[in-house]
Number of protein chains: 2
Amino acid sequence: MMDRYLLRYFLAVIDAGNFSRAAAQCNVSQPTLSVGIAKLERQAGQPLFHRTNRRVELTAAGARFATHARRIEAEFALAEHVVREAVPRTTLRLGVLVTIPAGWIETFVTRLGDTPGRLPIEIVEGRERDLIEQLSRGRIDVALTLVRAESDRFAAEPLFEEGYALALPASHPLAGRHTIAAGELADNVMIVRRQCELLSDTSRHFTARGVRPFFAARTLSDERAIGYVRSGLGVTVMPACFRDPGIVRPRLADFAFTRTIGLLYGAHVDRTALRGGATLTALADEVRAARRGG
Amino acid sequence: MMDRYLLRYFLAVIDAGNFSRAAAQCNVSQPTLSVGIAKLERQAGQPLFHRTNRRVELTAAGARFATHARRIEAEFALAEHVVREAVPRTTLRLGVLVTIPAGWIETFVTRLGDTPGRLPIEIVEGRERDLIEQLSRGRIDVALTLVRAESDRFAAEPLFEEGYALALPASHPLAGRHTIAAGELADNVMIVRRQCELLSDTSRHFTARGVRPFFAARTLSDERAIGYVRSGLGVTVMPACFRDPGIVRPRLADFAFTRTIGLLYGAHVDRTALRGGATLTALADEVRAARRGG
DNA sequence: GCATATCATAGGCCGTGTCTATGATGGACC
DNA sequence: GGTCCATCATAGACACGGCCTATGATATGC
């Protein structure tokens, strides 16, 4: 496995023009450097230098390799430098729970263009556990996701709390009702939102009440689920925040689950610095506004 | 000095999520990986992971470092790959002797745009010895420079031979003459072309004939030298190929030096492949045409 | 409170990168 | 043509350090 010190030998030979000077430059003896280059060539599978007496010249393979070797060394130097100095992040990596309406994020991103002091943004979608994992890996900086009382692993900023509700087509016989019991939906075809954080609870709720529906669709997208509902394919249960002209959202009786949506901050980020930039403030405002007005 | 294996440990921890799984992934024991990370952190000057029991999370420094670590690993993989496979060069790196008229190269580059099968080109200027060094280092592929009989280090393709001549302003008293002896220029102010491959020979030629002129300018650019001559600042000696409306080029008596201009091919390049592409053919044609017509 | 998971520490083994010493080869120079 | 000097390659010894097993410290979960 090609090691770094071999690259330094290699580059030194290129720069110095011969093995002896290269060895001196690397603070090793000439034989050491010689076996090093030999080892590198063995690993490369072919000679990297043409040894004529009096001087060495790169072979074609050596010339190709040199470009990458230099880049690697430069990147090492940069890495060693950057790990010490606190360079501010240039992009905000935002995780977004899949069960948050896509429209909110679209609006947020659209309006972000006008926000002064905004950061370039990078969005990563995922389920709750995906986002938590990405957050702990340092792959994202902030997650717009569920905030749970028991999750104290990350600094949390709750934005709103909401319940879950049925989603029926506007033409559904029960569309005018305010609250509907599970039993009343016994004959209804249903749609499974596979990404839902409450999937098993919902399933349990119905089976416990003797309702074992046929599932007309299993989807990972809430937008498609809404489309199916609107078209009359079936009904489903979704977070209350999802609204659409073609569907109604009556309560499901005795289904008291709620969720709190908010921001979770990765352990590696400077939270105040992120809030200082207007980006996250804009996101929080947008989410709250969408929740109220949606 | 941060070694490659430490980077692999580091990245494995990020990917695996904890030290034990990372160690397994690297085929080392957990303690080995543990001391490896500790070593890396000591070299980095600060912790890269937040160790809470149950899991590890990247620190801010760790997150910054991770980007570069991944890039380095990717580049290593690429280097190992590229050194084996013969990927054709995508650019032709051309060295050009500084004492070759800039206009030739400009015309060549301009016309190259129309040449089918051309390679993107990258030009490196330098004196003869600079180009030879770059060529042997594999930094350039071909050099348009002096071809000497005794230089058999590189494959050579001569294009033309020429002498050297005086350069006088068109208004100079001796401008009409075909040949001028050094002694006739005793009172003339001269211009030193510092980059000239024949500088010392020229100087010797004059001093040997008792001419010790005042030097009005020392320049590294032939175009500026011509400008000085044209403006009447002084006279100089240049390769015969330099022409300009404002100057005349009489011979310098008993100055029999000539030079052969041609292409030198780096040891690392596949010469036939390069000629196969139309780029070098175009260059050779252009140089010969400029020489004839110039 | 025991079982289980985590990462850290200690001490010894051994691979390998390093050294010095020497050889092989090919100009340069008289 | 023989000597000198430069080049890179090879051989054998040393020792640093990366690796192991064994054990400890600490927190979580049933």
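Bear in mind that the values here come from a model prediction, so they are computed numbers and not experimental data.
Between B/I37 atom CD1 and D/dG18 atom P there is a gap of 13 Å when expressed in whole angstrom units. Atom pair A/Q30:CD and C/dT20:P shows a separation of 12 Å (rounding to whole Å applied). Between the CZ atom of B/R42 and the C1' atom of C/dT9 there is a distance of 14 Å, rounded to whole Å. The distance between atom CG of A/L33 and atom P of D/dT7, rounded to the nearest whole Å, is 13 Å. To the nearest angstrom, P of C/dA8 lies 13 Å from NE2 of B/H50.
Under the rule for a salt bridge (Lys or Arg N to Asp or Glu O under 4.0 Å), the partners of A/R204 that lie at least two apart in sequence or sit in another chain are A/D201. For B/R8, the side chain to side chain contact (heavy atoms under 4.5 Å, CB included) test picks out A/M1, B/R4, B/Y5, B/E73, with sequence neighbours left out. Under the side chain to side chain donor-acceptor pair (under 3.5 Å) criterion, A/S203 pairs with no residue at all, not counting sequence neighbours. Applying the salt bridge (Lys or Arg N to Asp or Glu O under 4.0 Å) test to A/E162 and every residue at least two apart in sequence or in another chain returns A/R259, A/R291. Residues satisfying the salt bridge (Lys or Arg N to Asp or Glu O under 4.0 Å) criterion with A/R71, sequence neighbours excluded, are B/E75. For B/R209, there are no salt bridge (Lys or Arg N to Asp or Glu O under 4.0 Å) partners, not counting sequence neighbours.
Using a 4.0 Å cut-off, no side-chain N or O of B/R51 falls inside it from OP1 or OP2 of C/dT6.
For the side chain to side chain donor-acceptor pair (under 3.5 Å) with A/R193, the lone residue among A/D222, A/T99, A/T202 that qualifies is A/D222.
In the region residues 17-29 of chain B, proximity to DNA chain D at under 4.0 angstrom, judged on heavy atoms, holds for B/N27, B/V28, B/S29.
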Please produce a list of atom pairs where a protein N or O lies less than 3.5 Å from an N or O of nucleotides 13-17 of chain C.
{"residue": "C/dG17", "atom": "OP1", "partner": "A/K39", "partner atom": "NZ", "Å": "3.3"}
{"residue": "C/dG17", "atom": "OP2", "partner": "A/Y5", "partner atom": "OH", "Å": "3.2"}
{"residue": "C/dG17", "atom": "OP2", "partner": "A/K39", "partner atom": "NZ", "Å": "2.3"}
{"residue": "C/dG17", "atom": "O5'", "partner": "A/Y5", "partner atom": "OH", "Å": "2.9"}

Only distances under 3.5 Å count here; give the side-chain donor-acceptor pairs of residues 10-23 of chain B to other protein atoms, sequence neighbours excluded, each with its distance to 0.1 Å.
{"residue": "B/D15", "atom": "OD1", "partner": "A/R139", "partner atom": "NH2", "Å": "2.9"}
{"residue": "B/D15", "atom": "OD1", "partner": "B/R70", "partner atom": "NH2", "Å": "3.0"}
{"residue": "B/N18", "atom": "OD1", "partner": "B/S20", "partner atom": "N", "Å": "3.0"}
{"residue": "B/N18", "atom": "OD1", "partner": "B/R21", "partner atom": "N", "Å": "2.8"}
{"residue": "B/R21", "atom": "NE", "partner": "B/A16", "partner atom": "O", "Å": "3.1"}
{"residue": "B/R21", "atom": "NH2", "partner": "B/A16", "partner atom": "O", "Å": "2.8"}

